[in-house]
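Scroll down for the structure; my scribbles are underneath it.
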Amino acid sequence: MKKNIPIFFAFNNDYSIPAAVAFFSLINKAKLETFYQMYVLHPDISFENQKMLKEIAERKNNAELTFINTNGFLDKEWSEGTFTSTYASSVFTQDTLIRCFASKFFPHLDKIIYSDVDVVFMDDISELIDINLNDKYIGAVKGAFSKFSKDELSHFKQEHYEMLKDTYFAGGIWVMNLKKIREDNLEEKMLKIIKDNTIVKRFPDQDIMNIACENKVEFLPLNYIFYPYMQDLLKNPDFESHYTKEEMYDSIFNPKILHFAASKPWNNSPRYSDIWWAIFQYLNLKETNIFSRKTKVNKKLKKYKKLFNIFLIISILLLSVILILLIFK
């Protein structure tokens, strides 16, 4: 008998192509007994993109995809909130906030998994739904870099910094205890945080959920958010983290999810981006407005470099044959 695993995503029409890659990797890695009940919260995904994503998600008969239009939810709060202090390499949209309010959109569920779409699933993640959250609001991965990058939490008020400096959790993947969130009316608390303009939200969803949850968090292994640049950081003798080196290396050896946080395959060339591009090409997807010129140029250069290498090898082989013929003539 198939095990039904509810999982949702929240993005706008621009991120339909990254979502296609994520969805394919999710269903491709699903165990035989896993059935993903997939949902997308969105404001504007076109009919064509909905059709494309449904075909990808449901191609192996181990998932079903449902689209839920958010109908302007949090429009006013997003336009008036303090969401300006963000990293230049990160792009946040209103949908970043909507993921915090899953209990509103899924009143029939007690628990659900949330995932970003800038990911590639490297393994089945169905076991996440069985995590016992007890009285915790959320299961999440603890921030791996806040201990090293002192600026990462510098936007917080002192009270929030002291509360979260050792427990701040990342986005990317969450297991949300919707039953507990409803019981404690956590959404009302989140709305107050959003409306409080004395609280700067540099990472909107993460900051809001971290402050609202007040450390009622079950921490997941780092394998569930393997960052492609982890190897580079581990080379730095000054790098320190809330995770042990063994845990960080294990996330490299046994990743459950590749999370392209900050540096995206479609506008940069982070480590492991070849996996993302392989799925992109296999699905015959098209580049859109979120793809940078730099990426397109790099892809062309790689193509020409490959052709040049082939030409060079053939030339060397021909030259070798000519030399042999001349020697033994």
Side-chain angles (χ1 to χ4, degrees), residues 85-87 89-90 92 96 99-100 113-116 118-119 121-123 125 127-128 131-177 180 186 190 193 199-263 270-272:
S85 183
T86 57
Y87 284 151
S89 58
S90 301
F92 298 108
T96 311
R99 65 194 62 167
C100 302
I113 299 168
Y114 164 77
S115 174
D116 283 356
D118 56 347
V119 302
F121 293 91
M122 303 297 286
D123 200 353
I125 61 162
E127 69 276 4
L128 284 177
I131 290 173
N132 191 346
L133 296 176
N134 295 313
D135 65 339
K136 310 285 180 61
Y137 294 122
I138 197 168
V141 177
K142 188 182 290 189
F145 316 114
S146 54
K147 199 172 181 180
F148 173 66
S149 178
K150 305 302 180 186
D151 181 58
E152 191 163 342
L153 303 182
S154 62
H155 59 292
F156 278 135
K157 294 180 177 181
Q158 189 62 29
E159 61 183 288
H160 295 146
Y161 177 80
E162 291 300 326
M163 178 176 72
L164 301 171
K165 64 180 180 180
D166 296 321
T167 57
Y168 187 85
F169 60 84
I173 192 82
W174 292 343
V175 186
M176 302 183 75
N177 187 348
K180 179 66 175 172
L186 194 70
M190 287 190 284
I193 295 167
I199 302 173
V200 175
K201 279 75 71 174
R202 176 182 285 177
F203 310 103
D205 57 327
Q206 293 174 198
D207 290 350
I208 291 162
M209 286 299 288
N210 270 275
I211 294 170
C213 290
E214 291 188 82
N215 294 325
K216 285 193 174 182
V217 185
E218 184 70 30
F219 291 112
L220 309 176
L222 189 56
N223 311 64
Y224 286 99
I225 297 182
F226 167 56
Y227 299 100
Y229 42 82
M230 180 64 77
Q231 286 171 267
D232 297 320
L233 287 168
L234 283 168
K235 292 176 185 176
N236 186 337
D238 297 323
F239 179 67
E240 56 179 345
S241 175
H242 291 295
Y243 288 94
T244 65
K245 276 200 172 181
E246 286 73 20
E247 289 172 314
M248 289 185 282
Y249 274 112
D250 188 58
S251 77
I252 297 171
F253 305 146
N254 302 298
K256 292 278 191 178
I257 301 170
L258 295 180
H259 186 199
F260 295 100
S263 186
R271 287 177 185 264
Y272 304 96

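Nothing fancy with the numbering, it's 1 onward along the sequence.
- The distance from the CD1 atom of Ile173 to the OH atom of Tyr114 is 9.0 Å, given to the nearest 0.5 Å.
- Under a 3.5 Å cut-off, the side chain of Asn134 and the backbone N or O of Lys136 do not form any donor-acceptor pair.
- Side chains of Thr167 and Phe169 form no contact here, defined as non-hydrogen atoms less than 4.5 Å apart.
- At least one donor-acceptor pair closer than 3.5 Å links the side chain of Asn215 to the backbone N or O of Met163.
- Counting all heavy atoms, side chain and backbone alike, Pro204 lies closest to Thr96 at CB-CG2, 4.0 Å.
- The backbone N or O of Cys100 sits nowhere less than 3.5 Å from a side-chain atom of Asp205 that would complete a donor-acceptor pair.
- The closest side-chain heavy-atom distance from Leu128 to Tyr224 is below 4.5 Å.
- When all heavy atoms of Asn132 and Glu218 are compared, the closest pair comes out as O-OE1, 4.3 Å.
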(request) Using the side-chain contact (heavy atoms from CB on, under 4.5 Å) rule, take Phe121 and Ser115 through it: C-alpha gap first, then chi angles, then the decisive distance, then the call. (result) CA-CA 10 Å; Phe121 293 91; Ser115 174; 3.4 Å; yes
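- When all heavy atoms of Arg202 and Ser154 are compared, the closest pair comes out as NH2-OG, 3.7 Å.
- For the pair Asp250 (side chain) and Glu246 (backbone), a donor-acceptor distance under 3.5 Å is absent.
- Using a 4.5 Å cut-off on side-chain heavy atoms (C-beta onward), Tyr229 and Pro270 make no contact.
- Note that the CZ atom of Phe219 and the CD1 atom of Ile131 stand 12.5 Å from one another [nearest 0.5 Å].
- Atom OH of residue Tyr137 and atom NZ of residue Lys216 lie 4.0 Å apart, to the nearest 0.5 angstrom.
- At a threshold of 4.5 Å between non-hydrogen side-chain atoms, the residues Ile257 and Ile225 do not count as touching.
- Atom CD in Glu214 sits 9.0 Å away from atom CG in Leu164 (nearest 0.5 Å).
- Shown here for Met190 and Ala212, the closest heavy-atom pair between the two residues is CG-CB, 3.7 Å.
- Nearest heavy atoms, Arg99 versus Trp174: CG-CZ3, 4.1 Å.
- Exactly one residue among Ile193, Ile138, Val217 makes a side-chain contact (heavy atoms from CB on, under 4.5 Å) with Met209. That residue is Ile138.
- Lys165 places no side-chain N or O within 3.5 Å of a backbone atom of Leu153 that could act as its donor or acceptor partner.
- Taking the six-membered ring where the residue is Trp, Phe226 and Tyr272 present perpendicular rings, their angle passing 60° and hence far from 30°.
- Going from atom CG of Asn177 over to atom CG of Leu186 covers 10.0 Å, rounded to the nearest 0.5 Å.
- The distance from the CD atom of Gln231 to the OH atom of Tyr249 is 8.5 Å, given to the nearest 0.5 Å.
- With sequence neighbours left out, the side chain to side chain donor-acceptor pair (under 3.5 Å) criterion links Lys157 to Thr198.
- Aromatic ring orientation, His160 versus Phe156: perpendicular (interplanar angle above 60°, classes split at 30° and 60°).
- For the residue pair Asp166 / Tyr168, no side-chain donor-acceptor distance below 3.5 Å is found, with atom types taken as modelled.
- Side-chain atoms of Asn223 never come within 3.5 Å of backbone atoms of Lys256 as a donor-acceptor pair (strictly under, hydrogens ignored).
- Closest approach of Ala140 and Ala170 over heavy atoms only: CB-O, 4.2 Å.
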(message) Could you go through Arg271 and Asp232, starting from their C-alpha distance and side-chain angles, then the distance that decides it, and tell me whether this counts as side-chain contact (heavy atoms from CB on, under 4.5 Å)?
(response) CA-CA 10 Å; Arg271 287 177 185 264; Asp232 297 320; 2.9 Å; yes
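- The closest side-chain heavy-atom distance from Lys180 to Leu133 is not below 4.5 Å.
- Between Lys142 and Glu247, none of the side-chain N atoms (NZ, or NE/NH1/NH2) sits under 4.0 Å from a carboxylate O, so this pair counts as no salt bridge.
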